[in-house]
Every structure is written in structure tokens, then in C-alpha cells.
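Numbers restart at 1 for each chain; the letters A, B, ... are given by sequence-line order, proteins then strands.
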Protein chains: 2
Amino acid sequence: MSNLADRIEEYLKSVLEQADEGYIMLQRGFLANTFSCAPSQINYVLTTRFTAERGYLVESRRGGGGYLRIIRLGLDPEGKFQRLMAELIGEELSQERANNLIDRLEEEEIFTKREAVLIKSILADRILTDWVPSAEMLRARMMKEILVNMCRDDIII
Amino acid sequence: MSNLADRIEEYLKSVLEQADEGYIMLQRGFLANTFSCAPSQINYVLTTRFTAERGYLVESRRGGGGYLRIIRLGLDPEGKFQRLMAELIGEELSQERANNLIDRLEEEEIFTKREAVLIKSILADRILTDWVPSAEMLRARMMKEILVNMCRDDIII
DNA sequence: GACTTTATGACCTTTGTTGACCTTTAACTT
DNA sequence: AAGTTAAAGGTCAACAAAGGTCATAAAGTC
């Protein structure tokens, strides 16, 4: 019953489980070979099963010695980030709301003071406006990306 | 898995590490020989891995007794830092150059690992392209803004 | 039967590697 | 001293080795 995509997914997750680095690295060709499938099937599995919403991040490199790197995201206890991230999808975020959000996250010790300053500085209207058609949308997109990356299991604070 | 270019890079960096002059001198032919590769492969490694953003300078001399000199550039603490960075960043900044620069600043302990990940995540092509008329220009502007803010006296690492 | 999910193959982009040919410079000849 | 030769390093185009994309076919689902 279990189809190919499910089996590949299961395999990757089991390997990832044992990786104490928080990520695994492997080659697409190798995977395609072990599962006797088209290389692009691997991409299908990665894009449908290893998304940020499901708690994973995928990086890759082409060329000789290329690889895929699948990174596990530690899900925060109350799913706070999840909700925040969901909110920010397709959303617009003003500078004011962004600043409030960042301050709050700093208070909750999700961000350090330096990180908060850093993030605010680049999300500022002064930087984005006049360069971007919709600064508010880009800001939301960036904020979401930051939240995702702050959950990466391969960076131990 | 790991390709030749990466291994040569690693070797050169390890030698550079032990050099207390801040630079090393060696011959292209000798290197090509030790790694059993085409001499031009050495040039490839030098131009892709030992760039200014990554903190290196390469000088060379042809003819009999010719050599390669790889110099590690330190970030001098007194003031010139900002100017150097502004120069390095310029008006436009590609994702690749940005990543190299950020990695380098992390090595120099100007950024923490988390900060490096955070900055790279929002400067990614995936985030900026298709949203911004000139992603490269915005990226340069953001990178400069980050550096200014990270050097504020009121926030120590 | 219509719709959604899964699977494949053809074609593309990026990165790495090699070899043929070129330029520069020290050392050697005369 | 001038010219020649040999010993470096430089360039570039072609090829190899990865991963990416997208249209479309096949298989499930309801």
C-alpha cells in the first residue's frame, strides 16, 4: 500500500532521527538509486513532506560533490511560532507591528537584544520603502523566514 | 563526496592557520602535484574560495622561482572597518557574495552563528527576488545597515 | 467521472575538472 | 649586454557531475 513517496519520507525521517547534529546530508542520485526511481521524485518528496510547516528545512548544492541537506526544526512547545508563522503567510506587516512583535519576542527571550536590534534595523521603513512595491508584504515574508530559521536544530544557541 | 576543490581549500586554510606571518607562499605546480590535478584547478580554488569577501588576498609571480602568496586579511579594529566593508559591499551585492561575507564576519566573531543564519535567511534570493525590482541593491543597503547597527556601543555581543 | 496525489523523463542551471595554449620572468649563452 | 631558453603562473573553452524545473502520464480517491 505504502507508496514510494511515503517510503522515502519514512526513510529520511528515520535517518534524521538518529542524527544528533540536527541535520543529514546525502546525495539525490544516491537516494534515487536506492529507491530505483527518477531523481525528480526525490524533489517531490522534499517539497511535499519536508516543508517548514512540517518542521523541516532543505538546503542543497549543485555541481560535483553536490548534496542535499535536510535540517530538523525543533517545534516550540506551545506551537507559538507555528501560529505566528501561519499568521504571517500572505499577510502584511507594518513597521510598527513588526517592532512590537520583535520586542515581545525579545522579552520572551526568543531573541537577544542584539538580534532584536538587527532585525528591526533591516525591517525599517527607511530601508524597505522606495525599494519595494509592497514593503509590508516583504516584511511579513522576512519575519516568517526569520522565525523558521530560529528553530533550526543545527544551531545550538 | 567532498570534492577536490574543497579538499584543496581545506588544506590551504590549515597551512595558513599555522603560519604566524599571516600569509603563506607556495608553488602552483607543487600543489597540483600533491593533489594530482591540473594546475588550473588551483586557480579555480583560489578564485572561488580565497576572495576578498572571504578575507583573503592572493598575489603571485610567474617565471622561474614563481610563487603564489595567500594572505589572510585581518579586520583591523580601528575605525577603518566600516569603510572597508562599505567598499567590499558596494552598491550591489549578490547572495553569494553576501553569504561569503557573513561567513567571514562570523569567523571573526563579529556575528554569532545564530545571527549569521538569521541574516543569511532574509538576504536570500528566495526571499528578495520577485519582490524587489533590484534585489542586489536592496541587499547591499541592508547589509550596510546591519553593520552600522551591530557596531553600536550600546549593544555588546 | 472528476479531482488529487504520485511518478517519470526531457531539458536546464550550477559547480567542478581538465587540457591546450598564452604570458611573464629568472637563468643561461654567447 | 642582448638574446635565448626554460620554468614558472594565467586564461579559457569544453566536458563532467551534481541538483532543479516543469509538463505530462499514471495511480488513487470520492
Side-chain angles (χ1 to χ4, degrees), chain A residues 1-13 15 23-54 56-71, chain B residues 1-13 23-54 56-71 94-100 103 120 124-127 129-130 135-136:
Chain A
M1 178 87 315
S2 69
N3 58 32
L4 185 51
D6 287 342
R7 278 187 289 122
I8 296 174
E9 174 188 10
E10 196 183 359
Y11 169 75
L12 289 175
K13 284 185 175 168
V15 178
Y23 69 89
I24 55 174
M25 278 177 75
L26 30 75
Q27 296 201 247
R28 189 180 71 153
F30 165 77
L31 262 183
N33 210 46
T34 32
F35 285 93
S36 309
C37 65
S40 53
Q41 176 70 359
I42 306 302
N43 296 80
Y44 175 71
V45 174
L46 292 179
T47 53
T48 55
R49 322 291 221 267
F50 292 85
T51 62
E53 284 73 18
R54 292 181 182 225
Y56 302 91
L57 222 51
V58 178
E59 292 174 351
S60 68
R61 176 161 195 168
R62 304 188 187 190
Y67 59 81
L68 300 172
R69 183 207 299 251
I70 306 176
I71 303 160
Chain B
M1 185 76 119
S2 75
N3 56 35
L4 185 52
D6 287 343
R7 277 187 288 122
I8 296 174
E9 174 188 8
E10 197 181 0
Y11 169 75
L12 289 174
K13 284 186 175 167
Y23 68 84
I24 54 176
M25 280 178 73
L26 29 75
Q27 296 200 252
R28 190 180 71 153
F30 165 76
L31 261 183
N33 210 45
T34 21
F35 285 93
S36 308
C37 66
S40 53
Q41 176 71 359
I42 306 303
N43 297 80
Y44 177 72
V45 173
L46 292 179
T47 54
T48 55
R49 320 292 219 266
F50 292 85
T51 61
E53 324 72 90
R54 292 188 185 213
Y56 301 93
L57 191 62
V58 179
E59 291 173 351
S60 68
R61 176 154 202 173
R62 304 188 186 190
Y67 58 83
L68 300 173
R69 184 207 299 250
I70 305 175
I71 304 160
S94 70
Q95 176 181 356
E96 190 184 343
R97 287 212 305 130
N99 284 345
N100 287 338
D103 284 340
K120 282 193 235 175
D125 272 337
R126 189 162 53 81
I127 302 297
T129 309
D130 301 336
E136 311 253 313

Between Y44(B) and dG16(C), does any side-chain N or O lie under 4.0 Å from OP1 or OP2?
yes

Heavy atoms of Q27(A) and G66(A) approach each other most closely as NE2-O, 3.1 Å

Which part of the nucleic acid, if any, lies within reach of R7(A) when heavy atoms closer than 4.0 Å are counted: base, sugar-phosphate only, or nothing?
nothing

What closest approach, in Å, do N43(A) and R28(A) show between heavy atoms, and which atom pair accounts for it?
OD1-NH1, 2.7 Å

Describe the nucleic acid contact of G64(B) in one word from base, sugar-phosphate, nothing, applying a heavy-atom distance below 4.0 Å.
base

Given the structure, check if the side chain of R62(A) and the base of dT13(C) hold any donor-acceptor pair shorter than 3.5 Å.
yes

Between Q95(B) (CD) and dT14(C) (P), how many Å, whole number?
12 Å

On the nucleotide dT23(C), are OP1 or OP2 found under 4.0 Å from the side-chain N or O atoms that R61(B) carries?
no

Contact class for R49(B) vs. all strands (heavy atom < 4.0 Å): base, sugar-phosphate, or nothing?
sugar-phosphate

Less than 3.5 Å between a donor and an acceptor, one on the side chain of S40(A) and one on the base of dG9(C), is that the case here?
yes

If you check every side-chain atom of L68(A), which of dT18(C), dG19(D), dT5(C) has the closest atom?
dG19(D)

Are any of the side-chain nitrogens in K120(B) or E59(A) under 4.0 Å away from the carboxylate oxygens of its partner?
no

Nucleotide dG20(D), atom P - distance to CD of Q27(A) in whole Å:
12 Å

Between P on dA18(D) and CG on L4(B), what's the gap in Å once rounded to a whole number?
13 Å

Residue whose nearest DNA chain C nucleotide is more 5′ - E96(B) or P39(B):
E96(B)

Using atom CD of Q41(A) as one end and atom C1' of dT21(D) as the other, report the distance to the nearest whole Å.
15 Å

Return the value, rounded to whole Å, for the distance between atom CZ of R126(B) and atom C1' of dT13(C).
18 Å

Measuring only between side-chain heavy atoms, which start at C-beta, is I42(B) closer than 4.5 Å to C37(B)?
yes

Could you give the CG-to-P distance, from L46(A) to dG19(D), as a whole number of Å?
11 Å

Could you state the atom-to-atom distance from CG of N43(A) to C1' of dT6(C) in whole Å?
14 Å

Measuring from the side chain of C37(A) (C-beta onward, heavy atoms only), which nucleotide among dT8(C), dT17(C), dT6(C) has the closest atom?
dT8(C)

Taking atom types as they are modelled, would you say the side chain of R28(B) forms a donor-acceptor pair with the base of dG10(D) within the 3.5 Å cutoff?
yes

I42(A) has an atom CD1; how far is it from atom P of dG19(D), in whole Å?
10 Å

Closest approach of Y56(A) and R49(A), non-hydrogen atoms and distance?
CD1-O, 4.1 Å

